[in-house]
Amino acid sequence: MGRNAIITIIVIVAACIIAAGAYIAFSGGNDKPDDNNYISDDTTGRLKVFGNANNDDYLNEKDIDYLKKIIAGTAERTQFADANQDGKVDNSDVQFVRDVLDGKQKKVWISQVYNKETQIVDCKYPLDKIAVAGYETITVIKSIGAAGKIVALTGASGDSFNEQFYSDVYNLPKCGPDIWRMDVEKLSDYKVDAIVSMDAKSYIENYETFEKAGIDVVRIEAAHAMNSLSGIVTIGFLLGCTEKANELMEFFDGITENIKKKVGTVSDADKKTGLFLTMKYYVEGPSALSEYTGTMAIAGAKTLADVYPEEWGTKARLTFKPGDDWLLKDKYQADFICLSNALGLTKMTKKQIQDKWDDCGQYMSKMNAFPKGYFILNSTLSPVLRIAFMASVMYPEIMGANYAYDCVQQYYDKFITNVKNFDAKNDATWIITSYTVSDSEILDTAVMDSADLKVYGNINGDRFLDEKDAAIIDKLVERGRTAKDFPLADANQDNVLSADDAKLVRDVAAGKPAVIWHMNYHDFNGDGTMDEELVSTKFPITSAISTGSTNTLVLEMMLGLVDNIKGATYGNTNDAKLLGKTMLDTGRVERIGTSTMKIPFEDGKAGSTNIIAEKNVTAVITDWNRSYLTNEADFEKSNIDVVRVAAAAIDRETTTHTYMLLGLLFQKSERADQLLTLCMDVYDYVENSVKNSEKPKAVASSSNGSISSITSDYTQSVLTAGAEFPLGSIDFAGSSGLAIADHPEVYLIDFPYLFHIRNQVSYDQSPESLQDAWDNSTAPFKDWKYADSGQYVVCAIMPMCLRVAYVATVLHPDTVSIEKVNEFHQKLVDNFFDCKDHFNVSEMKFVLTPEEYAKA
């Protein structure tokens, strides 16, 4: 490895917030178009390989084009343009890059940092066998899928070298006495191309010895805030793992872009102020000197070191120890103080947490932010994940209290694949606050977006409003927290966090009358998409009326609400066999209209009935769609609450809130939870069964001769079953479906599956009714080339999870078993179908196939 120059530098952090652009895959330095892969728009020179003339994250044909522009004088020379490091940019650099791309060039020149100085060095390319120094370096290499290229490590011991996290390299040979040093004689046994090391001075100080032995020393800034992203891109290239490194960059860039977008909505006046600490008592200076402060700024803080930089002068950090007073000035009293400190990769015990808090906290105990705004952040986290935690702590109402944990979970699931069944929230300690020390339950608080049951007062975000929530609210009130700090705790929505909120939650848990504030699903702005709308509803609901779409009536039946729903409106397409003795039994549920969408209301009467007064009705249950209950205001003016749900929802979040909200309001929470758990088991089974399978192209139909758009619940059920939507080029003009007779161009697109989802396939079935359902549904598509082989008719009356599962048995018959789906179906029938009839689903048909019906 040769050296051209050593240049002393001050590291200036750049907040590289990247937007996703076109998609392209990169492998071995060559660009290969692939619609499934991300391409970064960053042009700050994160790929520190000479030849990267256009300063992006890739070495490819675009760099050759840019070099030609530099040579022609139409573009300025850039920092990495001199590919062969001969001091000039000419056609020899073009040829050098061409040889790299063609695999003919066996070395490249790179820029790296060692002991805060920039080095320009050459190294072998690609690197096939490496030794590694530094835990953060190992982590980066693992996360880009290159652990198999590591053949030896420096010495490694202690808690930082966690056996579970590093299981894929844990037993590799150790060729040094500690994490910083490596013995050249021991390493010579493994014939490595290079040592990949951290950038600090303490790592591989005897690098000249290795270079004389023909072993390059490559350094990456694996632990240095946003500069660590350069390390990912560069080592990914050198190891021939550009594509996997690109996936990791897409993940990290996506996090920073998401944070930028969300905290960008905060006005300057409302921004939280912050200070960043390292090594217990080092207070980091302005962003121009400290990249750590820069990360806090990316997380949305107004960093006081940037606002008042004069104290630091040209220093990157200053100490603040007991007895010092410079930081106690009013101008440095930040809302939040973040200390980056090693917390390991396992769950800390309460004693370990307390000891860490006491040891580190002594330096900040006189600051106004201590204890409410002081927190310790695990320095073993990737810098971008640290940013996610800072944003979540400072802006929980915007980011969601669990946002950072979700990011860590995704990181482990996708990039640390040797660690199985890892629970990011419970299997390690990523952050310590005063509330962690006093009561870890406070960390489980949620915001509305992340709550299963979207009801104010459900502060732990689970499926229930109960004593657990009340206990947490008690603690928040005791600690002086506000409704602004924990908005979901404000159960009575008076903008004040007090004992009244805990009392309301306890009243609901005890079944006492109360007013609950919750989210309705409702297209309230009429744009055809489902919105969330905050409403209040009197609790408990013991008497209600309902619009009677099939999905709503079936859900009400499964939740056991037949004695609470005093009246309903519905047409003639409902399944009498399934609902005839419950929701369609007029002796139990009065039929108050024939429209599934409308309930006329005037002078206190629903239609022509006096059911509201006679049955003491306090609520109407209806669908989210704008076509349902257009006279909602009339009911609300008469003190009749309107509860809107999404009974036909496919996605888990909407389904969960819909089921649990009705369960809460009607005091059926336990039954709703049991029903929801079984439905989620069905979704889990399908998802796990199809996740590794190729997705066939398929469409859905909700009415005769019609094809459903991608936004339709019908299409979503097919996609959730493991299909790909092929009609992206077709203009649905904002409609949820289009008539095939008017759009024969659909036939020009090749897709082998069409699922007709119909009420005609019901529980009240006979051979004749099933044949009619087949004939009526499939006839409009007789001109389709797959008319006799690709059409399937699916029951629309069963719960949505079963609709998905039965479609999956067609799309993925090798992995989704019809017997298993029938087993789930039978459990739902036996436990939740209050129809007074027993269905043996294995003897019935819920999917009509062309093999059986096309020739009948």
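Quick note: residue numbers are just sequence positions, from 1. Bear in mind the structure is a predicted one, so any value in this text is a computation, not a measurement.
- Within a 6.0 Å sphere centred on OH of Y412, heavy atoms belonging to other residues, nucleotides or ligands number more than 12.
- Residues T154 and Y203 bring no donor and acceptor atom of their side chains to less than 3.5 Å of each other.
- Judged purely by distance below 3.5 Å, without hydrogens or angles, the side chains of Q409 and D413 pair a donor atom with an acceptor atom.
- In this pair, Y114 and Y207 present their aromatic rings perpendicular. The plane angle is above 60°, beyond the 30 to 60° band.
- Ring pair Y405/F389 is perpendicular by interplanar angle, where above 60° counts as perpendicular and below 30° as parallel.
- A cation-pi contact links K142 to F165, judged by a cut-off of 6.0 Å to the six-membered ring centre and 45° from its axis.
- Within a 6.0 Å radius of NZ in K201, no more than 12 heavy atoms belonging to other residues, nucleotides or ligands are found.
- Within 6.0 Å of OH in Y281 there are 12 or fewer heavy atoms belonging to other residues, nucleotides or ligands.
- You'll find the side chain of S340 reaches within 4.5 Å of the side chain of R386, heavy atoms only.
- Between the side chains of N227 and E291, at least one donor-acceptor pair of N or O atoms lies under 3.5 Å.
- Between Y332 and Y308, the ring planes are perpendicular. Angles over 60° get that label, and only those under 30° would be called parallel.
- Just one residue in the list V151, I235, L239, I195 forms a side-chain contact (heavy atoms from CB on, under 4.5 Å) with I130, and that residue is L239.
- Under the 30°/60° scheme for interplanar angles, the aromatic rings of W357 and F370 are found to lie parallel.
- With sequence neighbours left out, the side-chain contact (heavy atoms from CB on, under 4.5 Å) criterion links K372 to Y435, R481.
- Counting only heavy atoms from C-beta outward, the side chains of D56 and L47 never approach each other to under 4.5 Å.
- Aromatic ring pairs are classed by plane angle as parallel below 30°, tilted from 30° to 60° and perpendicular above 60°; the pair F251 and Y411 is parallel.
- When every heavy atom of A489 is checked against every heavy atom of I473, the shortest pair comes out as O-CD1, 3.6 Å.
- N162 and Y170 share no donor-acceptor pair across their side chains, judged by distance under 3.5 Å alone.
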